[in-house]
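Please read all numbers here as calculations on a predicted model, not as lab measurements.
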Amino acid sequence: MSYVQNVLNGLIAKNQGQSEFIQAATEVLTTIEPCVAANPAYEKAALLERLVEPERQIMFRVPWIDDKGNVQVNRGFRVQFNSAIGPYKGGLRFHPSVNLSIIKFLGFEQIFKNSLTTLPIGGGKGGADFDPKGKSDNEVMRFCQSFMTELYRHIGADTDVPAGDIGVGGREVAYMYGQYKRITGLYEGVLTGKGLTFGGSLVRTEATGYGLVYLVEEMLKAAGDSFEGKTVVISGAGNVAVYAAYKATQLGAKVVSFSDSTGYIYDKDGVDIPYVEDLKFNKRGRLSEYKNHKPSAEYHDGKGVWNIPCDIALPCATQNELNEADAKTLVANGCKAVGEGANMPSTLEAIDVFLKNGVLFAPAKAANAGGVATSALEMSQNSARLSWTFDEVDAKLHGIMVSIYNNMASAAKEYGVEGNFVAGANIAGFLKVAEAMMAQGIV
Ligand code: NDP
Ligand code: 2IT
């Protein structure tokens, strides 16, 4: 049995029930197999066994009092997965589905994604099974303060720097930052995605969606194509989805859909993005309201966004939102390119369908790395106590996405799987971390 298969079997036995983590690890380990086989020193150093075991996993109680005076208790997480190339870096997710498996899959993927950005950031992730939906601002504030009252002792500008993810945006980051500062007395870049008046970076809000489109644009360009005149289906209606929609539209595409956890909209004429932005971010409303605004559009309850015919699909909601049947439908409808804005949105079977049918497929670790890359730019600005202009940060983001595309494309070619960017991104991300871990000894 190969070294990779051995490690994978051990991991599956040791992490039973952690299906998302096992899925993410299976994808990475199987695709890096050729470069692991070419470096026998990795096995001697138990490199993969160390890579799949988080350096530290923190789980904690988050008690808070709701507006009715009832005591609520949630579970908080921070998984500090790998610090070989920099301080742990990765978002916090607040969603009722959050559990250790989900945080571990996200933290594990973050290691390779962060490596791909070429910036000095390790991998981590955290969150809580708290549901911000329907909560008042005061409830969200009290929750964030309680969450940070435990988390603060584990993080720091040079050790671990959290940010946003599902359910954590500017409002939540700001509440957590205020509490961190109050407890520690430190005015430091301990979180990214901060407001512009207290150390935030321009472009961070837009970065993941913009970066996704920059990377897909590069992938299309290499194939002699572009966004111009294309029909784009986007899932999700949050931070990543909305800014991806703006950028794709700027590049000449027509975005015809958004989805949320209750349903999806299909607007053949092109969605009214500012309306959705205001509806979701300010009013915290549901997409079902879109029909009142634009009666000619369709709203459907449930999943089904992938049935809409398109040239380019950008899944930007959550993990495993696009399965094998969805992938087959997209291919049958003529979809030519897929860019993953969400983390692990396509199942392993769906990826297989895309690769076998020659669909240009940009995997999450590369495609959505623009968010964390811009977070790292925010860290640099905080350390230097200065701030760059919108255009400066946007140009750096664009340059990073172009180099991510080039690195994953050339790694795929070098290891004999040209055009397989899943393997290319995993190999390119892995090699830098592996080299750093090998150099640093058995730690
Ligand atoms: P937001 O919370 O802003 O938006 C999430 C969107 O996805 C919402 O429209 C939400 O619907 C929908 N959604 C969430 N969970 C589910 C679910 N279980 N089923 C169906 N729909 C769901 O999050 P982001 O836009 O920040 O994150 C979206 C994805 O992008 C995630 O996978 C995240 O990990 C990834 N990502 C985010 C980055 C960032 O910088 N923010 C960076 C890189 C990746 P509803 O409104 O009903 O909740
Ligand atoms: O999945 C991700 O890369 C994020 N949620 C962003 C992490 C960050 O630190 O900006």
Side-chain angles (χ1 to χ4, degrees), residues 3-4 7 24-39 41-42 47-48 50-52 81-86 89-90 105-123 208 211-212 214-223 337-341 343-344 346 348 351 354-355 360-376 396-440:
Y3 173 40
V4 158
V7 172
T26 302
E27 185 215 281
V28 170
L29 293 186
T30 52
T31 50
I32 62 173
E33 184 139 24
C35 84
V36 171
N39 289 283
Y42 292 165
L47 181 83
L48 296 183
R50 289 187 287 134
L51 190 66
V52 300
F81 224 117
N82 193 298
S83 63
I85 65 170
K89 182 84 197 84
F105 114 66
L106 290 163
F108 184 69
E109 297 219 317
Q110 202 82 43
I111 303 169
F112 310 98
K113 183 198 303 192
N114 293 3
S115 168
L116 280 171
T117 66
T118 69
L119 300 168
I121 37 179
T208 310
L212 167 64
Y214 291 153
L215 187 119
V216 172
E217 184 190 25
E218 214 50 34
M219 180 171 77
L220 291 168
K221 200 160 94 187
V338 175
E340 296 189 314
N343 286 306
M344 205 168 77
S346 315
L348 294 173
I351 295 175
F354 291 136
L355 295 181
L360 293 169
F361 181 77
K365 294 183 201 77
N368 72 34
V372 75
T374 307
S375 279
K396 286 184 204 292
L397 169 63
H398 187 260
I400 289 167
M401 299 316 293
V402 171
S403 65
I404 292 175
Y405 173 76
N406 290 333
N407 291 342
M408 74 176 184
S410 52
K413 201 166 171 188
E414 190 181 333
Y415 284 90
V417 283
E418 191 168 359
N420 179 342
F421 302 135
V422 178
N426 288 340
I427 291 168
F430 166 73
L431 281 173
K432 180 180 173 187
V433 177
E435 198 178 318
M437 286 178 74
M438 292 300 283
Q440 290 171 24

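Remark: of the listed residues Asn426, Asn420, Thr26, Asn426 is the sole one forming a side-chain hydrogen bond (donor to acceptor under 3.5 Å, both in side chains) with Thr31.
Checked against ring pair (Phe, Tyr, Trp, His ring centres under 6.0 Å), Tyr405 has the following partners two or more places apart in sequence or in another chain: Phe421. Residues forming a side chain to side chain contact (heavy atoms under 4.5 Å, CB included) with Ala337 (at least two apart in sequence, or on another chain): Met219, Leu220, Ile312, Leu360. The salt bridge (Lys or Arg N to Asp or Glu O under 4.0 Å) test applied to Glu27 returns Lys365, not counting sequence neighbours. Judged as a salt bridge (Lys or Arg N to Asp or Glu O under 4.0 Å), and not counting sequence neighbours, Lys413 has no contacts. Considering only residues two or more places apart in sequence or on other chains, Ala436 meets the side chain to side chain contact (heavy atoms under 4.5 Å, CB included) condition with Ala84, Ile85, Gln440. Residues forming a side chain to side chain contact (heavy atoms under 4.5 Å, CB included) with Ser410 (at least two apart in sequence, or on another chain): none.
A pairwise comparison of heavy atoms in Gly419 and Ala412 identifies N-CB, 4.2 Å as the closest pair. Considering all non-hydrogen atoms of both residues, Leu397 and Gly211 come closest at CD2-N, 4.2 Å. Residues Leu47 and Ala434 approach most closely at CD2-CB, 3.7 Å, considering heavy atoms. Residues Ser346 and Glu340 come closest through the heavy atom pair OG-OE2, 2.6 Å.
Within the 4.5 Å cutoff, no side-chain heavy atoms of Leu212 are placed close to those of Asn368. Looking at Ile32 and Leu48, their side chains come closer than 4.5 Å, going by heavy atoms from C-beta outward.
Rounding to the nearest 0.5 Å places CG of Leu355 at 7.0 Å from CZ of Phe361. Here the CG-CD1 distance, from Asn82 to Ile111, works out to 4.5 Å after rounding to the nearest 0.5 Å. To the nearest 0.5 Å, atom CZ of residue Phe108 and atom CG of residue Asn343 are 13.5 Å apart. Atom CZ of Phe430 and atom OG of Ser115 lie 10.0 Å apart (nearest 0.5 Å).
Aromatic ring pairs are classed by plane angle as parallel below 30°, tilted from 30° to 60° and perpendicular above 60°; the pair Tyr214 and His398 is perpendicular.
In summary, Glu435 and Lys432 do not engage in a salt bridge, as defined by a charged side-chain N under 4.0 Å from a carboxylate O.
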